[in-house]
Structures are given as C-alpha cells and as structure tokens.
Amino acid sequence: MSANLRRVVVCLDVDGGRVKKGVRFEGLRDVGDPVELAARYEAEGADELVFLDITATVESRPALFEIVRRTAEVLFIPLTLGGGIRSVDDVATALRAGADKVAVNSAAVSDPTLLTAAAERFGAQCVVLSIDAKRDATSPSGFRVVTHGGRRPTSLDAVEWARAGARAGAGEILLTSIDHDGARDGYELELTRVVAAAVEVPVVASGGAGAPRHLVELFQSTGADAALVAGILHDGVTTVGALKAALRDGDVAVR
Amino acid sequence: MKIALLDLGFGNLHSLAKAFSSIAPDTEVTIAPRVSDASHADLWVLPGVGGWSAVSLEQHRETLRAALERGQPCIGICLGMQLLFDDSEEGAGKGIGFFEGSVTRLSSARRPHMGWSRVAGTERAGSLAVPHAAYFAHSFACRPRDEATVVATTTIEGDTFACVAEKKRTIGIQFHPEKSSTEGIAFLASAVRRVTA
C-alpha cells in the first residue's frame, strides 16, 4: 500500500537568473522569469518545484539565491534547490534563502559525510540525494552512478549508493536516468523499481517524461513517490492538469 | 492582528511568516526570540523545522503552558505541534505538556513521511477548513490521550495519527499548511480565525 499521494514535481533549469529555455504558457509565448513560472506551475497543480542551477558557477550564485528568495515570497508548495551545492554552508545559504530542500549530487559522491552533516544540522527532510545513473552491465544492479552530466563514471553502483546515501542522512532520492533524460520515451522503469525497492526514503524519478502515459506507467509499475517533469511542460506539450487527469484515470492517487 | 512567531532555535521562519502575512492584509508578523517578547501578540505560533533536541524549551516551558491553559491563542506547526505534548521518542527532554500524550515514531516502513497525503476531518473540525490533502515532512507523530482533541487524522501504511488537534485556544498542525498550496493557506486562515475568535 502506498502511503502518499503520488507527486508531480516540476523542474526548472535556471541559468544566471533566467529559466534556460523559456517556457510557453497559453497566451504567453515565452516566460523566462523563474518567479513568475513558479507561481504559474503552483496554480496549475504542481505538487513541488525544483530549481536546478545548471551553470552553478561562483559568479551565478548570488543571482540564484536572489531568485530563490523572490520565489519563496510567492510560492506555497515545497521548493528544492539543486546544482552546485558543495558544503553544509551552501545548504544553509539555500535554506536561509527560502528553499525547503537542497539536492546534493557530485559533492556527496566525493564526500558522503556531507549528507550526514547536513541532516544532523537541518533534518533529513531537507536533504535530497541527487543520483545520476546510467545502464552498465558491469555494475551489480546493472546501473552505475555517473557525474558531470553523465560524462564521468564513478565506482559506485546506483542501488548501493542510494542505500548508503539514505543511511548517511538523505531524506529523499532524486533519481535521474541519464540514458532517458531528454529522450521523452518514458522513465527508466527498471532503475526506478530497483532503487525504490532498496530504500525506505521517497524516490523521485527523473528523465524521460514524454507524455502523460509515461507517468501512469511509472507509478503503476514502480515504487516511485514522485515524477519529475520538465521539458514537456515548458514546451507546452502537456500541462500539469492534464498529467493529473491522466493519473486519476489510471487509478493513481494524486492530489 | 499581531502574530508572534516564537523562535526557540527553530531556524528558517521566513516561509511561515510569509504565509501568516498573506492570510489577512492587516496582519503584523514578528519573530520573538523569547516568550516575553510575544506578550502583546494576539496569536503565538510555535513553528518547527528540525529535531526535538534542537529546541531549547527549558526556560519557556512553564510560561508557555500556563499561558495556553489561560487561553492564549496559539498555533503549533509540525515540530511545533509535537512540542505541545508531554514527551517524544525522538529525543530527551520534556515537551510543554499542554496536550496529554507522547510523540512516537511512525510505524510505517517508509520514513520520513514526506509528501502529500489525504487528511480527514473529525466531528470537531466544524468551522476549520480542513484540506483534502496536505504536505507532510516528519518521522514522528503525536498520540493525544484525549481522542476528543483530535480535529483531523492522516493514515500512513495503516498508522493513523492526529494531524490536527485542538484544546482551548490552541491548535496543533502536523503538516505544513504553508507548503500545502491554496487549501493549506485557507486552512491556516480558518485556524487563525478559530483560535482568536
């Protein structure tokens, strides 16, 4: 029995204060302001929002935190900030700016104690371990952890790392399939299934959403708590409302 | 209306302050590091981010309990609700003890309980706009001894717990109304009206 209603999480790639590609909403050709977009997606029924700082350079940080601050002013759903989080101080700055959760990726691979330190200081509920995984037959589960957008393989097995990360203090796992990311041919079901079965913390599946039926398929056949959606919403292929309607039709319990 | 958020080492109170400010145009929200700084407020808010042990209640416990017993309007959110109870499995130290009962670990396999869950109001709900679903982020839950104080419940993997409880002019809320979108804010507004009426 699933405890929670399944979540639709909208992800915005932020670059230097703007949403990278811009987003098409009905009647508006291009909206690049993350603050305005955040409010629109909440109104559409998004359950959570993720800001991903895709540049994550030292110079871009002040602008990013300013956006988080302004977004937190208007948003009444949880906001996760990811990208470029290197230290407990970075986590503190993000939370102070108004983020509810902070996603840590390669910094946790280099130093897993970062998860523990952040969880001890701020609580596991705000520490998200972001895992990028790729199919690799030589890894025990069949999936290897990669970093740097998939370019750099690590020695870690995806399932083992998810388990270790949750034990170290992560309260949630954001699981991205690098093979499926951007392909819009559906989520990586096998990866999501094995990771969700291995950990007790919620798993957010990411990479591959191309149509509402992909979310239905994900929730019907894996233990994922949430589905991350980006491109198909921003391009106007579908809406959060349409995704929720498809999920209800598929007997998936949503808000 | 003057609302004081009691900052007893809770951390980020910004989004909560913003939520309370948004419910009525004439609301003045201040952050009070000590209970004595909140004495002139119409409503006290016990926020809660972090763990039981992170909160320094020691100097404030008796003052808080006495004030709530006298009918001081108060809303406790998440950990702030839990602190209104006697004690917690999460850590040492006593709670405020305004509600009788303990805070215990959720019995669900998946913890923390993070995300949106359905909420069911009891007969006590009355004028409170109990939301259909709300956002939770916790591993422990309140077990009030007096069933009559329960306003709403949530069930996680068969574990049913009080997610809203009320006694005198105090309401404890386990979920985060400030993160539960339009319904959450509407509920918070109704709770403020109820305790300050």
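Chain naming here is simple, since letters A, B, ... match the order of the sequence lines and numbering starts at 1 in each. These numbers come from the heavy atoms of this one structure, side chains and all, not from hydrogens, waters or symmetry mates.
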**Report entry** Within 6.0 Å of CZ in Arg213(A), more than 12 heavy atoms from elsewhere
**Finding:**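 For Arg213(A), atom CZ is not crowded (no more than 12 foreign heavy atoms under 6.0 Å).
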Query raised in the report: Quick check: are there more than 12 heavy atoms from other residues, nucleotides or ligands sitting under 6.0 Å from CZ of Arg34(B)?
Result: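 No, CZ of Arg34(B) has 12 or fewer neighbouring heavy atoms, counting only those of other groups under 6.0 Å.
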Report task. Among Glu42(A), Arg69(A), Glu120(A), single out the residue with the greatest number of heavy-atom pairs under 4.5 Å to chain B. Result ->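 Highest number of heavy-atom pairs under 4.5 Å: Glu42(A).
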Requested in this report: Determine the option with the most heavy-atom pairs under 4.5 angstrom with chain B, choosing from Gly45(A), Ala43(A), Pro78(A), Ala119(A).
Outcome: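 Maximum pair count with chain B is reached by Pro78(A).
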Query raised in the report: So what's closer than 4.5 Å to chain A heavy atoms on Ser180(B): side chain, backbone, both or neither?
Result: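 Backbone only.
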**Report entry** Side chain to side chain, Pro202(A) and Arg110(B), heavy atoms closer than 4.5 Å
**Finding:**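 They are not in side-chain contact.
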Report task. State, with a plain yes or no, whether a side-chain heavy atom of His138(B) is found less than 4.5 Å away from one of Gln125(A). Result ->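 A side-chain contact under 4.5 Å is absent here.
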Distance in Å, [X] [atom1] paired with [Y] [atom2], rounded so as to fall on 0.5 Å steps:
X         : Y         : atom1 : atom2 : result
Arg255(A) : Glu183(B) : CZ    : CD    : 8.0 Å
Ser139(B) : Glu200(A) : OG    : CD    : 10.5 Å
Leu79(A)  : Lys179(B) : CG    : NZ    : 7.5 Å
His14(B)  : Leu95(A)  : NE2   : CG    : 13.0 Å
Asp100(A) : Glu178(B) : CG    : CD    : 8.0 Å

Query raised in the report: Taking every heavy-atom pair that is under 4.5 Å apart, which of Ala109(B), Ser22(B), Ser21(B) has the most such pairs with chain A?
Result: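 The answer is Ala109(B).
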Requested in this report: Quickly, which of Val254(A), Asp225(A), Ile77(A) forms a side chain to side chain contact (heavy atoms under 4.5 Å, CB included) with Trp116(B)? Name it, please.
Outcome: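 Filter result, single survivor: Ile77(A).
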Query - side chain to side chain contact (heavy atoms under 4.5 Å, CB included) between Glu73(A) and Ser15(B), worked out - result: CA-CA 7 Å; Glu73(A) 288 293 329; Ser15(B) 63; over 6 Å; no
Requested in this report: Taking all heavy atoms of Ala253(A) and all of Arg118(B), pick out the closest pair and write down the distance.
Outcome: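 So the two residues come closest at CB-NH2, 4.2 Å.
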**Report entry** Donor-acceptor contact below 3.5 Å, side chain Lys18(B) vs main chain Phe76(A)
**Finding:**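 Absent.
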